[in-house]
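Order of listing sets the numbers, starting from 1, for every ligand and every atom in it.
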Amino acid sequence: MSSIQKSNSLTDFDVVVVGAGFSGLYMLHRLREAGFSTRVFEAGNNVGGTWYWNRYPGARCDVESIYYNYTFSKDLLNEWRWSAKYAEQPEILSYINYVADKFDLRRDVQFNTRVQSAQFDDKKNRWDVQLNNGEKVSAQYFITAVGCLSASNVPKFKGLENFKGEWHHTGHWPHEGVDFQGKRVGIIGTGSSGIQAIPVIAKEAKHLTVFQRTPQYSSPARNTPNDPEYLKNIRKNYREIRTKMRHSITGIPEEPRNISVFDESPEERRKVFEEAWQKGGLLNLTYTYNDLSITPEANAIVAEFIRSKIRETVKKPEVAEKLLPKFFYGTKRTIIDTDYFETYNRDNVLLVDVKEAPIQEITATGVKTAEDDYELDMIVFATGFDAMTGPLFKMDIRGKDGVSLKEKWAGGSHTRTYLGLGTAGFPNMFMLTGPESPSVLSNMMVSIEQHVEWVFDCISYMRDQNQAVIEVKEESENTWSKHCRDIADQTLFTKTDSWYMGANIEGKARGFQIYLGGVGTYRKICDEVAEKGYEGFILK
Ligand code: N01
């Protein structure tokens, strides 16, 4: 393996990693420790990825903080104390910065630099990587650590360029913050970002208009400060907790009750749902019964329970009615909130249903729908992301014979990967938490560590075996992609238009892009592939 070789126009590395979020930083740490020359390129001016960009008010992680951290370092686990059950964005960003300092990671990260293109050179068996500052580098391995939700989506509303006020997308929030005081603010979108931001903005702004297209299911987070004794206990038992997380379904050390909703009486169910609602948290409702995401009739029961809670919370019946979700519960990302539905009881908050009266244009002074004009000083776009493939397609990635990834996965053809880690025709390229891995339907930290460790072992194996190229076999990706789709088709996920399906982006190929077999099963499959000398790949 080469060490860093410098020449005038080209810098050669063993590995180039794109992105300095949780996955890119850990990848760098592992590779560097084993002597691989590694360079990380990061568009932002510091580490953090998702948590660097998403600084909107109310941003916090909906996975419990004690489970949403690295577990590879015992020291790190012992040193860091999360202040609350659900950590806020600034605290998570501080944590990532702490990690970057502790392991001296920044010296191998080039900030303010975007990878524009990466092209595999079949003759040299190396990737040529073009950066936006005009520099070119090359690497034996090209690893994308670009996250699943980093290509923000601002819908092409007619007239946005005429708007005289400020506007911001939640995923590109100004670092200096935004002052809502005395302002008439409009927010478009009621997904996880919108639902976190709305209660906070409503408290600060003079007036808030919420433009809602699809009402969402959301349940209370019930965030609380972390008790020091509780944290001490968690640290003491972390080995066991970590094993459970790694072999669980979603990367959280809890499993659903193995019981159908129809095995209990309506009274018993109501009691079970009520307990879960009072307890709060991301999976408590989902985990009450094992058929909620599989059977429409079972799903209808939990959906109706949540609708009853919305009716109870929102005082004006006509507003409550507009907030009632109708799609299958859980088939868009499950959301937990702090005072979301309560916010609609405030006098300074107006809910506008833009499914009924769509937004026609953004004017100089606000938003015009089919029914009315809304005067605004500021618009917040909580309109989501071009998920999964979007971050990859922001780069022009070309494999063998100059074929681009975008072309390969374009049009009606489905994203095809093997284990979500690689794709045929793109040798020596690995995707961390890529499409068709558990990614966004798991605790990302568990999935990130698993991917990084697998890729690291694979690259080390290649070095030990004196092999230069590893490539996915076409039949492996066909089988894996079909397997992913088959599992998804057994659930209700594919029955709803969601970003999981690529349905939120105009013209995007539809297809469920996440492996739903569970992180434990996925880990087992990946481990077996490695044990069999990277079965399903061609090594040479
Ligand atoms: O984006 P979204 P998000 N006109 O796509 C609406 C993660 N996350 O940023 O549903 C009007 O969910 C759109 O309406 P509809 C999490 O995985 C995690 O909120 O398409 N409205 C929807 O209401 C999450 O799922 C946390 O009809 C338009 C909203 O905009 C993912 O990120 C926190 C529109 C977009 O919702 C994305 O969440 C935040 C239009 N033209 C995010 N276009 C955690 O807590 C879109 N919308 C960990």
Side-chain angles (χ1 to χ4, degrees), residues 22 49-51 53-65 67-68 85-89 92 147-158 160 168-173 186-198 200 209-219 221 223 250 252 281-283 323 325-327 330-338 340 351-362 367 369-370 379-388 390-391 433 439-445 493 496-506 508 513-514:
F22 274 121
T50 287
W51 302 104
W53 298 104
N54 285 268
R55 297 169 188 240
Y56 60 86
R60 70 172 77 238
C61 184
D62 56 13
V63 173
E64 284 181 48
S65 52
Y67 308 137
Y68 192 82
K85 185 169 179 187
Y86 299 104
E88 275 191 299
Q89 174 271 337
I92 301 173
C148 304
L149 294 155
S150 55
S152 52
N153 166 44
V154 178
K156 292 186 186 71
F157 288 114
K158 185 178 152 203
L160 177 57
H168 306 285
H169 186 280
T170 50
H172 278 272
W173 203 256
I187 183 164
I188 304 175
T190 52
S192 305
S193 306
I195 285 181
Q196 286 187 329
I198 285 164
V200 183
T209 307
V210 179
F211 297 94
Q212 169 195 265
R213 190 164 68 181
T214 307
Q216 261 282 11
Y217 297 96
S218 183
S219 59
N223 196 17
T250 56
I252 292 166
L282 190 63
L283 290 171
L323 286 165
K326 310 269 168 26
F327 59 92
T331 54
K332 281 174 180 262
R333 174 61 142 72
T334 307
I335 300 178
I336 55 174
D337 69 85
T338 302
Y340 174 63
L351 177 66
V352 175
D353 180 345
V354 294
K355 189 153 260 167
E356 209 173 80
I359 296 175
Q360 291 185 329
E361 67 174 298
I362 311 265
V367 170
T369 71
I379 303 174
V380 174
F381 289 91
T383 44
F385 302 88
D386 180 356
M388 311 307 295
T433 68
S439 67
V440 288
L441 279 167
S442 70
N443 173 0
M444 285 298 268
M445 294 308 292
F493 275 104
T496 297
D497 281 346
S498 68
W499 62 257
Y500 295 141
M501 294 290 291
N504 64 330
I505 301 296
E506 235 182 279
K508 187 166 176 172
Q513 301 188 342
I514 301 137

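Of all the atoms in ligand 1, the ones that sit under 4.0 Å from a non-hydrogen atom of L149 are 7 (C), 17 (O), 31 (C), 32 (O). Of all atoms in ligand 1, listed by their number and element, those nearer than 4.0 Å to a heavy atom of Q196 are 33 (C), 45 (O).
Ligand 1 has a nitrogen or oxygen under 3.5 angstrom from a nitrogen or oxygen of T190. The shortest N or O to N or O distance between A382 and ligand 1 is under 3.5 Å. For ligand 1, the polar-atom distance check against S193 finds a nitrogen or oxygen pair separated by under 3.5 Å. On a distance-only criterion, Y56 and ligand 1 share no N/O pair closer than 3.5 Å. Checked by distance only, ligand 1 and S192 come closer than 3.5 Å through their nitrogen or oxygen atoms. Residue-to-ligand polar distances keep W51 apart from ligand 1: every N/O pair is separated by 3.5 Å or more.
The only member of F327, Y500, W499 that meets ring pair (Phe, Tyr, Trp, His ring centres under 6.0 Å) when paired with F493 is Y500.
The protein non-hydrogen atom at the shortest distance from atom 36 (O) of ligand 1 is G191 CA, 3.6 Å. If you check which protein heavy atom lies closest to atom 48 (C) of ligand 1, you get D62 OD1, 3.2 Å. Among all non-hydrogen protein atoms, the one lying nearest atom 6 (C) of ligand 1 is G189 CA, 3.7 Å. When only non-hydrogen protein atoms are considered, atom 1 (O) of ligand 1 lies nearest to G384 CA, 3.1 Å. Nearest protein heavy-atom neighbour of atom 45 (O) of ligand 1: R60 O, 3.0 Å. Looking only at heavy atoms of the protein, atom 27 (O) of ligand 1 is closest to T214 OG1, 2.4 Å.
For the pair I188 and ligand 1, a heavy-atom separation below 4.0 Å is found. Heavy atoms of F157 approach ligand 1 to within less than 4.0 angstrom.
Nearest-heavy-atom check against atom 40 (C) of ligand 1 across Q89, R213, K332, Q212 picks out R213. If you check each of F381, W499, F327 against atom 5 (O) of ligand 1, the one with the closest non-hydrogen atom is W499.
For T190 (side chain) and T214 (main-chain N/O), a donor-acceptor pair under 3.5 Å exists by modelled atom type.
Within the 4.5 Å cutoff, the side chain of M501 has no heavy atoms near those of the T496 side chain.
By the 30° and 60° cut-offs, the orientation of the rings of H172 relative to W53 is tilted. Ring orientation note: the planes of W173 and H168 are tilted relative to one another, at an angle of 30° to 60°.
Closest approach of I505 to N153, counting heavy atoms only: CD1-CG, 3.6 Å.
Rounded to the nearest 0.5 angstrom, N223 CG and E64 CD are separated by 9.5 Å. A distance of 11.0 Å separates OH in Y56 from CD1 in I198, rounded to the nearest 0.5 Å. Going from atom CZ of R60 over to atom NZ of K85 covers 12.0 Å, rounded to the nearest 0.5 Å. A distance of 10.0 Å separates CG in D62 from CG in N443, rounded to the nearest 0.5 Å. Note that CD1 of I359 is 6.0 Å distant from CZ of F211, once rounded to the nearest 0.5 Å.
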